[in-house]
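Take a look at the structure below.
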Amino acid sequence: MSPRLRLWLVCAAGAGLATLLAAACLDLPRFGGDRHPYGDRAVDASLARRTANAIASVNFDQRAFDTLGEMSILFAAILGCVVLLRQARDEHRARPEPAHVDRPVRRYALLVLPVALLTGLYVIAHGQLSPGGGFQGGVVAATSLHLLYIGADYRALERVRPIGVYESGDALAASAYVVTGCAGLLAGAAFLANTLLPYGTFNTLSSGGTVPLLNAAIGMEVACAVVVLLARFLDQAVEIEEDRGR
């Protein structure tokens, strides 16, 4: 494909996208008005299915298929980073040397670690009830483990971060999301339809039908993905060195 043809294709696609965006903006409700057709329907559907957090209802019920796409993008991005940051032939692994950590930094990091981890798990578990959910809680839980790198050393982090386990957890969590969607098809409903489980009692952990299951799958997938991603970058910064003798 020539550069000129590529430029014409980009311009044509951009013009079409701009036209669609302009048409959508012209039909938006007036700013500050009382007409919110999508918001009203989303809240009604959330309450009807006993999900206190309307955003979680949108992400894991009303538009759960879109969330599947977002999860797939993250999964593909992590897979790409793993491939690109793998150890090359002209590189070798050096034994990481422990660095000096000031006592206040060590004390603060080790004190905050369990609090941050529990906070991340709490946000995931209560995603259908309160602000947050699998995406936010997964990031908090994954990054909390890396306080060991700040407060102790790289070897301490490695002991609680077996990469193979987290890579398997990432794949299993993504598969669990898809399997939950397929279970709806087997039950005679649509893919990812919230019809498998009772909706439960409003504002309790067991409410929302399949929303807690999908939210937990996303939390596990995001947490494992972030751990794997940070592990690859830390490997490049701490362990992997280029062979200069060749």
Side-chain angles (χ1 to χ4, degrees), residues 1-81 123-124 126-140 173-174 177-178 180-185 187-197 199 202-203 207-219 221-222 225-226 229:
M1 182 182 294
S2 65
R4 177 173 294 182
L5 179 58
R6 188 181 296 113
L7 179 61
W8 276 107
L9 289 175
V10 170
C11 292
L17 180 61
T19 301
L20 292 175
L21 288 175
C25 289
L26 292 175
D27 197 37
L28 285 175
R30 184 174 59 85
F31 181 77
D34 57 355
R35 188 175 73 89
H36 303 282
Y38 183 81
D40 294 340
R41 292 168 182 165
V43 172
D44 290 343
S46 174
L47 296 177
R49 294 165 187 173
R50 310 294 192 274
T51 308
N53 184 5
I55 297 176
S57 177
V58 172
N59 289 337
F60 304 112
D61 184 358
Q62 303 171 43
R63 301 186 66 177
F65 192 80
D66 294 351
T67 303
L68 173 62
E70 296 171 9
M71 181 188 68
S72 301
I73 292 172
L74 176 61
F75 187 85
I78 299 301
L79 180 61
C81 287
V123 171
I124 295 174
H126 292 77
Q128 72 276 14
L129 304 179
S130 57
F135 286 103
Q136 298 85 348
V139 172
V140 173
Y177 195 100
V178 176
T180 304
C182 293
L185 293 175
F191 181 67
L192 288 172
N194 190 357
T195 57
L196 292 175
L197 300 176
Y199 294 143
F202 183 77
N203 209 26
S207 61
T210 57
V211 171
L213 298 181
L214 298 179
N215 177 66
I218 288 293
E221 199 274 336
V222 171
V226 172
L229 179 65

Would you say [X]'s side chain and [Y]'s backbone share a donor-acceptor pair under 3.5 angstrom?
X      : Y      : result
Tyr199 : Leu47  : no
Asn203 : Ala52  : no
Thr210 : Leu213 : no
Arg50  : Ala48  : yes

Is there side-chain contact between [X] and [Y], with heavy atoms separated by less than 4.5 Å?
X      : Y      : result
Pro3   : Leu7   : no
Arg49  : Gln62  : yes
Leu192 : Leu214 : yes

Of the non-hydrogen atoms in [X] and [Y], which two are nearest, and what is the gap between them?
X      : Y      : result
Ser207 : Gln128 : O-CG, 3.9 Å
Ala189 : Thr195 : CB-OG1, 3.3 Å
Ala217 : Ala173 : O-CB, 3.4 Å
Ser46  : Ala54  : OG-CA, 3.5 Å
Thr67  : Tyr177 : CB-OH, 3.4 Å
Val58  : Ala42  : CG2-CB, 4.0 Å

Item to check | Plane angle bin for Phe60 and Phe135 - parallel if under 30°, tilted between 30 and 60°, otherwise perpendicular | outcome: parallel
Checklist entry - Asn59 and Ile218: side chain to side chain contact (heavy atoms under 4.5 Å, CB included), yes or no, with the steps? => result CA-CA 10 Å; Asn59 289 337; Ile218 288 293; over 6 Å; no
Item to check | Atom pair CG (Leu21) and CG (Leu26), whose distance is rounded to the nearest 0.5 Å | outcome: 11.0 Å
Over 12 foreign heavy atoms within 6.0 Å of [atom1], [X]:
X      : atom1 : value
Arg6   : CZ    : yes
Phe191 : CZ    : yes
Leu196 : CG    : yes

Next on the checklist: Given His126, which partner from the list Leu129, Val123, Ile124 fulfils the side chain to side chain contact (heavy atoms under 4.5 Å, CB included) test?
Outcome noted: Leu129
